[in-house]
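Throughout, a chain's letter reflects where its sequence line sits, starting with A, and its residues are numbered from 1.
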Amino acid sequence: MTDSPRMLNDQRLADALTELARQTDTAALMADVARAIETLPQKRRRGWLHGPWSRTLSMSASIALLLIGIGLLGAIAVGTGLVSLPSDPLPRPAPPVPQPTLSQTSPTPAETEPANQTSPPSPLPAAMGELAVNDGACGVIAIDPRTGDQQRVSEGFPNCYAPSNTTDLSWSPDGKILAIGFTFFCGGCGSNAAQAAIENEVDGIWLLNAATGEFQQLEKCPVNCNVEHLRWSPDGSQLAFVLSGDVLVADVASPESAHAVEGVAAQPVTDLSWSPDGQHLAIAAGGRIAIAAAGPSDAPDGLSDSTSWGMDQEIVGVDWAPDGDSLLITRPRSVAAVELTRQGQLPADPVVHVLNEVSEGEIAFGRWSVDGSRVAFTRASEPTFDDDISQEIWQRVEYWTMAANGDDAQRVYASQWDVVARSAPAWSPDSGSIAFTLVRLPPYHEAHTLIVPLRNEGPIIIRHGPPSGNYVGHPAWRRDGTP
Amino acid sequence: MDQRKVAALEVPGLPVTATVRERELIRRAADGDTDAFTDLIEPRAHRLLRTATAIIGNIGEAHDATQETLVAAWVHLPQLRDPDRLDAWLNQTLANACRQVLRRRRPSIQLDPVERDLTFPDHARTSIESAAIHAAFARLSIDDRQILLLHHLHHLPLAEVARQLGTPIGTAKSRLWRARKALERALEAER
């Protein structure tokens, strides 16, 4: 059999890629790297968590305690109307104008109108709380889920460098503190703003006191670090997160005590989840799940005790069931529940209940509802390529919910336009709604946060673009339900 | 480079495994030895730079992205507990760096105009077939581009691709297959 001229064989592909990668100058690169290292501030030391910032962090812990105390008073004041949060009304932008470069298969203007312009906001149960989303730069937008009204409640922490990557948002269980993961990437790092951000070491995790609008930095990390998957412990005393591939747990009251949790070595961590009792963390990495003790290890090597179990397919998500008996795991083609032992550990050969699976598309972000009665997940279509306005894969996205046993699967939302990024579904405190954020293709290039009630009511769509790049922050509900 | 320290690991007549040598280099580099760091990254720099160049399509920006990756490696090296993860971490960081470069090109968020000249693709030396592949390749996700480059440009076997990405071989295989399919579909759209 001979190759058709239209077939893509290995040799043609290798030749074409070689053409793309020619003309590189490794010697110049090495020289530039050496110069860059020479000019770095002297902050690169072993164990940077305990490095020159430790004193600052120790002091920060005291300040954090003070702020939390002030925050409690402030929250009371806000609740009684004595004070108001620092906020500016955020006007909704005008509908985008489709560009003539759109292909024929692109959505028509009628299809692209936000749903809240065609259907009124649906009434939601009172006192449900607020949603927080990133504003595409450094700020935080609070959304009233009952009306869809949005307010920018913070412009961001000092020396924030935007456009930025706010990598995650997470409310503390008591709804008083919003944890914000932040990193930025500066190619040349040449601007004054970028330099100020570097010198002030803004990368890391910030805590926003909802009552006062004050920021406190919980963790610092070097430029280009990658901080994500912020997860509060059930009692709100600790914050677990992934920092450049490592799982760390920080005591909110004493940040210098942050310690690493050994999960699945040599694999990028894709998700993590606390056990309901706050004693363990479930960690998804590659094709394995590990359950590790969340506290500092007494073992001589400092590694946490852990059990793990793996499978052939990549595991992209893990969520501990509210009753503690099982883990919800998400793989590209399926959502499944994995039974745990009575001690909350992974048995050697666990029982796996496949709740739903697909033959096409890609599943992600399986999440238990707060009451454990249902599961939500996303499904993205196979990527399409008939539009040359973006270099990103773009897809149609669906959000589904189903009962905890896999029955009653319902598609609660299907995008009518292509998205380049999507967030996990965030369950409301009453388990009656999910919220999520989608980033729309250029030239629209804006972020939409949608609140979808599950009781046959129309979704509320809040447009708050532009996003920072194609990043999509995960919306965060305040679980105590007290705005 | 300080040859003396590395040579001390060598036993005459016996080859020094890369792992032993690299573990020592990583340990020394993590302790602040810039020579060891240079020895550690120099063999990797060419491949990383070529990968970035093919992903980004601009030599200057690829240079910056690779430089950022390697500087980040220097900064983070003390945190690296498993030396076998070095390449996986470098590749992940490089992919993020490339992603950021491409994000910054969008008019709505562009920080500074890119003043460097575009130096390729070199159409004078590029066949029509290659040009179509280049265009199709540019439609892929960064992750798809990266895995295709590891296998089809750098000619790494599947097991090494998996190690470079820090994934099981089965995962690397399925990702490579999906990337290849995505490229073929993109190529059809180009024709």
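- Residues that satisfy the side-chain contact (heavy atoms from CB on, under 4.5 Å) test with B:Arg163, not counting sequence neighbours, are B:Asp87, B:Glu160.
- The salt bridge (Lys or Arg N to Asp or Glu O under 4.0 Å) check on A:Asp25 picks up nothing, with sequence neighbours excluded.
- Interface remark: A:Ala28 contributes backbone and side-chain atoms alike to the contact with chain B (heavy atom separation under 4.5 Å).
- Looking at B:Asn96 and B:Gln92, their side chains never bring a donor and an acceptor atom within 3.5 Å of each other.
- For B:Thr38, the parts lying under 4.5 angstrom from a heavy atom of chain A are both the backbone and the side chain.
- Interface residue B:His155: only side-chain heavy atoms are found under 4.5 Å from chain A.
- A pairwise comparison of heavy atoms in B:Ile142 and B:Ala95 identifies CG2-O, 3.7 Å as the closest pair.
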